[in-house]
Amino acid sequence: NIQDIKAVEIDSDKESLRREIGKINKSISNIGPINLAVQDEHGVESERFEYLNTQYEDLIESEKTLYKTIDRLDKEAQSRFLETFEDIKENFKKTYSMFFEGGSAEIQMNIEDPLNSDIEIFATPPGKRTQNLRVLSAGEKALTAISLLFAIYLVKPSPFCILDEV
């Protein structure tokens with residue numbers, strides 16, 4: 001504003017006044033052109049900032065909701081998987097003993113992280129000691145696999161089961 005310009009002493013000589021005016025003109029030219037539309041531009045940019053900020057907050061809230069949903073679904077899946085696994089485990093013991101009278105079998109896994117755990121199959125045919133599935137004969141492996149398949153079908157029945165070349 002013109003009112004804000006420092007008052008110049010009238011008593012000064014003309015040369016000092018010219019220098020003072022030159023300094024003021026130079027300061028004004030250094031400021032550059034004045035953008036008269038700055039208030040309108042500021043309003044537009046402020047609205048855009050508010051819109052983007054609202055969108056950002058919505059995304060953050062959606063991310064939190066998504067993580068909560070994933071956590072809830074993981075817990076539900078883990079609970080259902082453990083329940084089903086226990087049912088299959090009991091059925092496997094029964095079906096295996098039906099195929100191998102006097103034999104026993106078991107499936108095991110890491111209960112702390114069931115959704116990422118390996119499932120191990122142990123079988124004890126009659127007259128043998130407990131063994132991992134890998135060391136059984138081909139026939140014992142086939143019957144063990146069939147007994148596990150039937151144990152699963154007892155929990156989750158299927159309308160058809162075709163066993164080709166068992």
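Values reported hereafter were calculated over all heavy atoms of this structure, with side chains retained and with hydrogens, waters and symmetry mates removed.
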Between [atom1] of [X] and [atom2] of [Y], what distance do you get to the nearest 0.5 Å?
X	Y	atom1	atom2	result
Thr65	Ile60	OG1	CD1	11.0 Å
Leu136	Thr124	CG	OG1	9.0 Å
Ile24	Ser29	CD1	OG	12.0 Å
Glu106	Gln108	CD	CD	4.5 Å
Lys23	Glu20	NZ	CD	5.5 Å
Ile21	Ser16	CD1	OG	9.5 Å

Residues sharing [X]'s hydrophobic cluster, by side-chain heavy-atom contacts under 4.5 Å among ILVMFWY, directly or via others?
X	result
Leu66	Ile70
Tyr51	Leu52
Phe122	none

- Message: Would you say CD of Gln55 has more than 12 non-hydrogen atoms from neighbouring residues, nucleotides or ligands within 6.0 angstrom?
- Response: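 It does: Gln55 CD has more than 12 such atoms within range.
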- Which residue pairs pass the ring pair (Phe, Tyr, Trp, His ring centres under 6.0 Å) test when at least one of the two sits in residues 131-163, sequence neighbours left out? none
- Message: Run the salt bridge (charged side-chain N to carboxylate O under 4.0 Å, His left out) test against Glu86 and tell me which residues pass, sequence neighbours left out.
- Response: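 Testing Glu86 for salt bridge (charged side-chain N to carboxylate O under 4.0 Å, His left out), a comparison that skips the adjacent residues, returns none.
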- Residues at least two apart in sequence or cross-chain that pass salt bridge (charged side-chain N to carboxylate O under 4.0 Å, His left out) with Lys93, listed by chain then number, are Glu90
- Applied to residues 136-152, the side chain to side chain donor-acceptor pair (under 3.5 Å) test, sequence neighbours excluded, yields Lys128-Glu140, Ser137-Glu140
- Pairwise side chain to side chain donor-acceptor pair (under 3.5 Å) hits with a residue in residues 112-122, at least two apart: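 Passing the test, one end in residues 112-122: Asp113-Asn116.
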- Message: Any non-hydrogen side-chain atom of Lys89 less than 4.5 Å from a side-chain atom of Val155?
- Response: no
- Same apolar cluster (I L V M F W Y, side chains within < 4.5 Å links), Leu115/Leu82: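 In one cluster: yes.
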- Following the transitive rule for hydrophobic clusters with a side-chain heavy-atom cut-off under 4.5 Å over Ile, Leu, Val, Met, Phe, Trp and Tyr, establish whether Ile119 and Leu154 coincide in one cluster. no
- Pairing residues for Ile152 by the side chain to side chain contact (heavy atoms under 4.5 Å, CB included) criterion, not counting sequence neighbours: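 Ile152: side chain to side chain contact (heavy atoms under 4.5 Å, CB included) contacts with Ile88, Leu148.
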- Quick one: salt bridge (Lys or Arg N to Asp or Glu O under 4.0 Å) pairs with a partner in residues 49-73, sequence neighbours left out? Asp71-Lys75
- So, for Ser97 and Gly103, which heavy atoms are closest and what is the spacing to 0.1 Å?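 Taking every non-hydrogen atom into account, CB-O, 3.8 Å.
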- Task: In sequence, state the C-alpha distance, the side-chain angles, and the governing distance for Val44 and Asp40, and then conclude on side-chain contact (heavy atoms from CB on, under 4.5 Å).
- Result: CA-CA 6 Å; Val44 169; Asp40 293 335; 5.6 Å; no
- Qualifying residues under ring pair (Phe, Tyr, Trp, His ring centres under 6.0 Å), relative to Phe100, sequence neighbours excluded: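 With sequence neighbours excluded, Phe100 shows a ring pair (Phe, Tyr, Trp, His ring centres under 6.0 Å) to Tyr96, given in chain and number order.
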